Structure formats: structure tokens, C-alpha cells
Amino acid sequence: MGKNIRIGTRRSRLALRQASEMAELLKAKDPSFLSEIVGIDTLGDRDKDTPISRVEGSDFFTREIDLALAAGEIDFAVHSAKDLPDRLPDGLFLAELTDSIDRQDVLVSKTGLGLNELPFGARIGTSSMRRKEALKKYRRDFRLVDIRGSIEKRLELLDKEHTNGPDAIVIAAAGLIRLGLEHRITERIPFDILEPHPLQGRLALVGKKNEE
């Protein structure tokens with residue numbers, strides 16, 4: 001291809017791993033494919049306070065990356081597919097969706113207890129409205145608390161010895177797998193308890209229209 005293709009993504013370790021995964025897939029299709037990964041800070045990375053439930057379907061985690069793509073600062077963007085906004089910016093299109101490496105949501109608990117074993121009133125960390133509603137329906141005694149940050153930060157918060165932290169967190173299996181942290185999974189949550197996001201575990205490749 002003759003030049004490095006600039007792949008834009010968020011700066012978290014998971015996002016960089018996902019961009020590398022996409023680059024590997026593209027190189028497998030075309031051995032001449034050369035790329036470099038460009039990390040970009042997004043509003044979602046800077047704003048640690050807004051609950052995810054308030055911004056679902058928006059460009060909270062993609063805006064700055066897609067702006068860089070539109071401006072020609074990168075050649076394409078790689079997003080977690082479930083972070084895609086309901087409508088892409090004008091001039092951009094969804095070029096590819098990968099298969100999911102794992103759709104399931106999982107529980108990671110402080111003491112290794114599963115959903116049925118957690119004590120009455122256990123605090124469960126998640127910011128997703130979908131997860132909150134499903135868990136509250138399953139056990140009305142659960143206290144659902146907002147939790148934000150990278151997977152590593154959420155695990156660090158869970159592992160801290162303090163009384164106000166969560167007793168468990170709910171997280172996508174795919175993120176743990178991509179980071180080599182699947183050993184942290186306490187329980188895979190059955191689909192009849194918690195139906196995962198339809199795009200969970202998939203990667204999205206976004207490009208500019210009318211560009212080869």
C-alpha cells in the first residue's frame with residue numbers, strides 16, 4: 001500500500017488493543033497493509049462523572065475521533081461497536097463490523113460470590129441502564145451504583161478495602177478477554193437474566209465516504 005494507514009482510537013489499553021486487533025485482521029487480508037495507531041482523548045474519557053445511562057446512543061466516546069477522521073488527521077476510526085452513536089456524522093460511514101469475540105456480560109465480585117450468593121443489599125457497580133434494570137428485576141435488594149473508568153480502574157476500585165466501594169461489578173466479558181483478564185470472571189450472567197447489548201464484543205471500522 002506504500003504508506004502507513006493512520007488508525008484513530010481512544011487511548012485506553014483496551015481501545016489500543018482493539019485497534020491493533022483490527023489492524024491484524026486487515027493485514028491478514030492484505031499482507032502489504034501498514035498502519036500506525038493514533039490515540040485520541042474523547043469527552044467520554046475526560047468526563048468521569050456523567051453516568052453512561054445519560055449518554056447512551058450519543059457520540060460521547062466517539063466524537064473527537066470522528067472529527068479527526070473528517071478533518072483528515074486519521075484515515076479511519078476503530079470503535080467498540082456498542083459505543084457508536086445512533087447516527088454517524090455526515091460524510092462518514094460504517095465500513096465494517098467484526099464478529100463478537102464474546103457477547104456475554106459477567107460478574108466480577110470482591111469475594112468470589114455469584115449473583116445468588118451475594119448478601120442482601122449488595123452494591124453492584126455499573127453505569128448501563130440496561131444492566132441496572134435487568135439486575136434490579138432479578139434481585140430488588142441490589143443497590144446499583146454508577147461506576148466509570150477503564151476496566152483496570154473499575155477492577156482497582158472493586159479491589160480496594162473500603163466500606164463504600166462496590167461488592168461486585170458487571171462488565172463485558174469481551175473487554176476482560178482482550179486484556180487477558182478473563183481469570184477475574186466470577187460468573188457468566190445467563191442471557192435470561194441479563195441480555196447483552198446487541199453489538200457487545202464487536203468492533204466497528206468507520207471511514208470517510210468517497211475515499212478508497
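On a predicted model such as this, the values are computed, not experimentally measured, just so you know.
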Identify whether L14 and I177 are in the same connected component of the hydrophobic contact network (ILVMFWY, side-chain heavy atoms under 4.5 Å). no

Between I65 and F76, is there a side-chain heavy-atom distance shorter than 4.5 Å? no

Quick one: do I185 and I151 end up in the same hydrophobic cluster if we chain Ile, Leu, Val, Met, Phe, Trp and Tyr together by side-chain heavy atoms under 4.5 Å apart? yes

If only atom types and distance count, is the side chain of D75 paired as donor or acceptor with the main-chain N or O of I5 below 3.5 Å? no

A side-chain contact here means heavy atoms from C-beta on lying under 4.5 Å apart; do I7 and V38 qualify? no

Within 45° cone and under 6.0 Å: R139 NZ/CZ vs F120 ring: no

Do the non-hydrogen side-chain atoms of Y138 and N116 ever get within less than 4.5 Å of each other? yes

When you compare the side chain of R46 with that of L43, does any pair of heavy atoms fall below 4.5 Å? yes

Hydrophobic clustering (ILVMFWY, side-chain heavy atoms < 4.5 Å, transitive) - are I101 and L181 grouped together? no

Can a salt bridge be assigned to the pair R10 and D83 using a cut-off of 4.0 Å between side-chain N and carboxylate O? yes

Name every donor-acceptor pair, under 3.5 Å, that has one atom in a side chain of residues 86-97 and the other anywhere in the protein, sequence neighbours excluded.
{"from": "R87", "atom 1": "NH2", "to": "D90", "atom 2": "OD1", "distance (Å)": "2.8"}

Does NZ belonging to K136 count more than 12 external heavy atoms closer than 6.0 Å? yes

Work out which heavy atom in S109 is nearest to a heavy atom in L158; give both atom names and the distance. C-CD2, 4.1 Å

R6 side chain to E73 main-chain N or O, any donor-acceptor pair under 3.5 Å? yes

Any donor and acceptor pair, going by atom type alone, linking the side chain of R11 with main-chain N or O of L16 inside 3.5 Å? no

If you take all heavy atoms of Q200 and R131, which pair is closest and at what distance? OE1-NH2, 3.4 Å

Counting neighbours of CZ on R140 that are heavy atoms of other residues, nucleotides or ligands and sit closer than 6.0 Å, is the number greater than 12? no

Examine distances only and state if a side-chain atom of R143 and a backbone atom of G121 form a donor-acceptor pair shorter than 3.5 Å. yes

Evaluate the side-chain proximity of M22 to S35: yes if any heavy-atom separation is below 4.5 Å, no if none is. no

When D105 is tested against each of R130, R188, H197 for side chain to side chain donor-acceptor pair (under 3.5 Å), which residue passes? R130

Hydrophobic clustering (ILVMFWY, side-chain heavy atoms < 4.5 Å, transitive) - are V206 and F60 grouped together? no

Heavy atoms from other residues, nucleotides or ligands near NZ of K137 exceed 12 (cutoff 6.0 Å): no

I want to check something: taking the side chain as every heavy atom from C-beta on, are V170 and L135 in contact at a cut-off of under 4.5 Å? yes

Quick check: is L176 connected to I189 through a chain of hydrophobic side chains (ILVMFWY, heavy atoms under 4.5 Å apart)? no

